[in-house]
Student: 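Sharing a structure with you now.
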Amino acid sequence: MKILPVKGTRDFYPEEMALHNWIVDGWKKASIRNGFEEYDGPIFEYLQMYQVKSGDEIVEQLFSFKDRGERDLAIRPEITPTLARMVNQKINALPKPIKWFSLPRLCRAERPQKGRLREFFQWNIDIIGEDSVLADAEVIFTTVDYLREVGLTPKDIKVKISSRKLLATVLKKIGVPDEKLNPLYTLLDKKVKLPAEVFSTTLTEQVGGEMAGRIIAFMGSQTITSIENIVKAEAGDQLEVAIKELEDCACRLNQMGISDYCVFDPGIVRGLAYYTGIVFEVHDIQGDLRAICGGGRYDNLLRDFGGPAVSATGMGMGDCVLEILLREKGLLDKKITSRTLDYYVVPIAGELLDEAVKLTAGLRTKGFKSAFSYKAAGLSKQLKNASEQNAKFCVIIGDEFKAGNVVVKDMASGQQKTVPLEDFLGNPEKF
RNA sequence: GUGAGAGUAGCUCAGUUGGAUAGAGCAUCGGAUUGUGGUUCCGAGGGUCGCGGGUUCGAAUCCCGUCUUUCACCCCA
């Protein structure tokens, strides 16, 4: 009976695993050099935890089950609720600001499509307990730090930055009533995907022509300062605060040297309601992929999970879209493989296999990645095997072993020399 | 959950109007090659044509169902 892999899942054969590890290791290194510490939680939690933030419709989009004690559980579709739970549990004991990262494996019961599977990995970084936009800037910097390291340039991607606070205050000043804000966010979030006319008509249906015109003008703003042409800020009001935050953030990003990656874009809304301040997404410049990552400030989340009102800001990046983009940009063409060896030991005759096994074990004991041929096939074939496994050196055990010697061959240059086995094993790197 | 396209060897694909034993390249394994790799040459293995049903003298080919997959919608934490 043939059993297929489950829809929307991936098998990681060694080749794919090597690539996956390369991505995950990059995330990890970028996190650590930016001062984040790793955490993780269980891969399933109480189903209720995911309903707190996102409501009941979320249940349709995750894998849930009952355990034998009739508890409603769910495989984690995101890790932020776990983070909130973990931080809340120890909030008083943790030094602030809390800078944590995680590389969770997540599952969502959605229909797979481009850049979106039912099981995936996501890089998460969060800074908790710091109100300053410096924290938002640091989250953005860490994100760019990674993307830049893997070879993406300002010609490939842009960090589009806006502010939920800005959007909310602008909409209120324009005259949108509070109860219409959330449905409006959903519509505004779709602006780039909809034809301009459809967007305009739908918007007019929701708020009327006059407001719609001003909202469209706001959404088209190229700079932070030009917003005041549409709505006026007054001293001390929320709009002034929001503008100041965005300007401060831009200033920090400039100090950090990544301005060329960043752009103000009031079209960035982010789907869910819990964002409270700066929000951002990274997009490919061509714009034919979904967002590479998204994040922002969510100052109420810990409180919503039964903790104190502690501010937080963070980012999440999935592996699927990232991999598609890197492949399109030719950044995965270089060899990413787990098949490498320091030494490949070649016995020429069957009776020399004993020596090959002993020598290989000796090299491994000294910490060198080494392998031997299982059978004493022709030298030519064994050298070919060594090449295929990307061996740096071959150690040939043949006739010269009668005099206690082996031949060490540099696979890159082809040069080789005969050396006493004892000397070689004593200090392999010398040869 | 809704809609559209696709499914032939491990991979990429060919297969005439429905016709006889379903092919190629790459990959794998073996040999040329009993002391010199990345090239080359020769050979082999590998298929329930996704699965089930129907039409037909005859189906990889046509029809229906189903599964998988791709893309879009919903949603996007």
Side-chain angles (χ1 to χ4, degrees), chain A residues 1-11 13 15 45 49-62 74 76-84 104 106-118 120 122 124 126 185-186 189-190 193-194 269-275 279 281 288-296 298 301 304 314-318 320-321 324 341 344 346-352 373 375-401 406-416 418:
Chain A
M1 183 162 139
K2 197 172 176 181
I3 297 179
L4 297 164
V6 175
K7 179 203 286 278
T9 63
R10 287 170 290 179
D11 292 329
Y13 288 85
E15 192 186 339
E45 295 269 7
M49 205 162 76
Y50 302 107
Q51 295 169 305
V52 169
K53 196 173 96 180
S54 316
D56 285 334
E57 70 276 13
I58 208 77
V59 176
E60 307 292 318
Q61 288 157 37
L62 46 71
R76 62 186 181 189
E78 56 170 331
I79 201 166
T80 309
T82 302
L83 172 68
L106 306 174
C107 292
R108 297 177 186 175
E110 301 173 296
R111 201 178 265 207
Q113 54 184 292
K114 192 175 187 184
R116 201 183 202 188
L117 299 172
R118 302 213 302 188
F120 58 98
Q122 195 179 63
N124 283 254
D126 291 278
Y185 291 152
T186 311
D189 199 32
K190 286 191 190 121
K193 292 181 86 173
L194 294 173
V269 180
R270 303 290 293 150
L272 236 65
Y274 73 80
Y275 288 103
V279 287
E281 287 176 1
D288 41 31
L289 296 176
R290 56 182 70 243
I292 298 155
C293 72
Y298 51 98
L301 191 67
D304 293 345
M315 182 284 299
M317 178 187 299
C320 302
V321 176
I324 292 169
L341 286 175
Y344 188 86
V346 174
I348 289 299
E351 66 272 18
L352 292 168
S373 183
K375 46 187 176 181
L379 177 59
S380 150
K381 184 139 292 181
Q382 297 198 57
L383 287 173
K384 197 174 174 182
N385 287 342
S387 282
E388 280 160 2
Q389 293 184 52
N390 300 305
K392 290 198 204 75
F393 295 92
C394 265
V395 185
I396 301 164
I397 308 180
D399 289 342
E400 49 285 274
F401 184 70
V406 295
V407 174
V408 180
K409 181 182 176 75
D410 181 327
M411 294 300 279
S413 67
Q415 289 182 336
Q416 58 189 54
T418 305

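Protein chains get the first letters and strands the later ones, always in sequence-line order, with residue 1 at the start of each.
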Student: Please figure out whether A/Q61 or A/S413 has its closest RNA chain B nucleotide nearer the 5' end.
Tutor: A/S413

Student: Using a distance-only criterion (donor-acceptor N/O pair, under 3.5 Å, no hydrogens), is the base of B/U36 paired with the side chain of A/Q416?
Tutor: yes

Student: Closest nucleotide of RNA chain B for A/T80 versus for A/L383: which of these residues is on the 5' side?
Tutor: A/L383

Student: With P as the reference atom in both, quote the distance from B/U55 to B/U68 in angstrom, rounded to an integer.
Tutor: 28 Å

Student: Counting any heavy atom closer than 4.0 Å, what does A/G414 reach on the DNA or RNA strands: base, sugar-phosphate only, or nothing?
Tutor: base

Student: Return yes if the base of B/A77 and the side-chain atoms of A/R270 contain a donor-acceptor N/O pair under 3.5 Å, otherwise no.
Tutor: no

Student: Whole angstrom is fine here: how far is it from CD in A/E388 over to P in B/G38?
Tutor: 9 Å

Student: Pick the P atom in B/A32 and in B/G37, then give their distance to the nearest Å.
Tutor: 14 Å

Student: Partner of B/G1 by Watson-Crick or G-U wobble geometry, both contacts under 3.5 Å, or none?
Tutor: B/C73

Student: What is the separation between atom OH on A/Y274 and atom P on B/C76, rounded to the nearest whole Å?
Tutor: 12 Å

Student: Send over the distance from A/K384 NZ to B/A27 C1', rounded to a whole Å.
Tutor: 12 Å

Student: Counting the atoms with a prime plus P, OP1 and OP2 as sugar-phosphate, which does A/S380 contact under 4.0 Å by heavy atoms, base, sugar-phosphate, or nothing?
Tutor: base

Student: Judged by atom type as modelled, is there a donor-acceptor pair below 3.5 Å linking the side chain of A/R108 to the main-chain atoms of A/P77?
Tutor: yes

Student: Tell which nucleotide pairs with B/G58, taking only Watson-Crick or G-U wobble pairs whose two distances are both under 3.5 angstrom.
Tutor: none

Student: Rounded to the nearest angstrom, tell me the gap between atom CG in A/D189 and atom P in B/C75.
Tutor: 10 Å

Student: Which base sits across from B/A6 as a Watson-Crick or G-U pair, both distances under 3.5 Å?
Tutor: B/U68

Student: Should B/G37 form a Watson-Crick or G-U wobble pair with both distances under 3.5 Å, which nucleotide is its partner?
Tutor: none

Student: Is there side-chain contact between A/N124 and A/L83, with at least one heavy-atom pair below 4.5 Å?
Tutor: no

Student: Between the protein and nucleotides 69-72 of chain B, which nitrogen or oxygen pairs are less than 3.5 angstrom apart?
Tutor:
unit_1	atom_1	unit_2	atom_2	d
B/U69	OP1	A/G8	N	3.4
B/C71	OP2	A/K114	N	2.9
B/A72	OP2	A/K114	N	3.4

Student: Taking all atoms of both residues into account, what is the closest heavy-atom pair of A/L117 and A/P112, and its distance?
Tutor: CD2-CB, 4.3 Å

Student: State whether a side-chain donor-acceptor pair under 3.5 Å links A/D304 with A/Y298.
Tutor: no

Student: Could you identify the nucleotide paired to B/U16, looking across every strand shown and requiring Watson-Crick or G-U wobble geometry with both distances under 3.5 Å?
Tutor: none

Student: Atom NZ of A/K409 and atom P of B/G37: how far apart are they, to the nearest Å?
Tutor: 7 Å

Student: For B/U21, which nucleotide in any strand shown is its Watson-Crick or wobble partner with both distances under 3.5 Å?
Tutor: none

Student: Less than 4.5 Å apart, side chain to side chain, heavy atoms only: is that true for A/F120 and A/V321?
Tutor: no

Student: One pair to check against side chain to side chain contact (heavy atoms under 4.5 Å, CB included): A/V346 and A/L379. What are the steps and the verdict?
Tutor: CA-CA 7 Å; A/V346 174; A/L379 177 59; 3.8 Å; yes

Student: Look at the side-chain N and O atoms of A/K381 and state whether any lies under 4.0 Å from the OP1 or OP2 oxygen of B/U36.
Tutor: no

Student: Where is the tightest heavy-atom contact between A/L383 and A/M411, given as atom of each residue plus distance?
Tutor: O-CE, 3.8 Å

Student: Suppose you measure atom P in B/G23 against the same atom in B/U70; what distance do you get, rounded to whole Å?
Tutor: 31 Å

Student: Could you pull out the closest heavy-atom pair between A/A291 and A/E281, with the gap in Å?
Tutor: CB-OE1, 4.1 Å

Student: With a 4.0 Å cut-off on heavy atoms, is A/V346 in touch with a base, just the backbone sugar-phosphate, or nothing at all?
Tutor: nothing

Student: Which pair of heavy atoms, one from A/Y185 and one from A/V269, lies closest together, and at what distance?
Tutor: O-CG1, 3.7 Å

Student: In whole Å, measure the gap between the P atoms of B/A72 and B/A9 for me.
Tutor: 26 Å

Student: Go ahead and name the base partner of B/G47; Watson-Crick or wobble counts if both distances stay under 3.5 Å, otherwise write none.
Tutor: none

Student: Counting only heavy atoms and a strict 4.0 angstrom limit, can you tell me which residues of residues 391-400 of chain A come near RNA chain B?
Tutor: A/G398, A/D399, A/E400

Student: Provide the distance between the two C1' atoms, one in B/G38 and one in B/U16, to the nearest whole Å.
Tutor: 42 Å

Student: Taking all atoms of both residues into account, what is the closest heavy-atom pair of A/Y344 and A/A391, and its distance?
Tutor: CB-CB, 3.8 Å

Student: Which value, in whole Å, describes the distance between the P atoms of nucleotides B/G65 and B/U12?
Tutor: 27 Å

Student: Specify the separation, in whole Å, of atom CD of A/Q382 and atom P of B/G37.
Tutor: 12 Å

Student: Could you work out the separation of B/C76 and B/G18 based on their P atoms and round it to a whole Å?
Tutor: 48 Å

Student: Using a heavy-atom cut-off of under 4.0 Å over every strand shown, decide if A/E60 touches base, sugar-phosphate, or nothing.
Tutor: nothing

Student: Side chain of A/R108 only, heavy atoms from C-beta on: which candidate in B/C75, B/C76, B/U68 is closest?
Tutor: B/C76

Student: Output the rounded distance in Å from CG (A/N385) to P (B/U33).
Tutor: 18 Å

Student: Between the side-chain atoms of A/R116 and the base atoms of B/C76, is any donor-acceptor pair under 3.5 Å?
Tutor: yes

Student: Exactly one of A/R10, A/Q113, A/R116 should register a side-chain contact (heavy atoms from CB on, under 4.5 Å) with A/C320. Which one does?
Tutor: A/R10

Student: Would you sort out whether A/Q382 and A/S373 count as a side chain to side chain donor-acceptor pair (under 3.5 Å), showing the intermediate values?
Tutor: CA-CA 7 Å; A/Q382 297 198 57; A/S373 183; 3.1 Å; yes

Student: A/Q122 and A/G318: which non-hydrogen atoms are nearest, and at how many Å?
Tutor: CG-N, 4.0 Å

Student: Among the candidates B/U36, B/G38, B/U68, find the nucleotide nearest to the side-chain atoms of A/L379.
Tutor: B/U36

Student: Between A/M317 (CE) and B/A77 (P), how many Å, whole number?
Tutor: 15 Å

Student: If the C1' atom of B/A22 is compared with that of B/A4, how far apart are they to the nearest Å?
Tutor: 30 Å

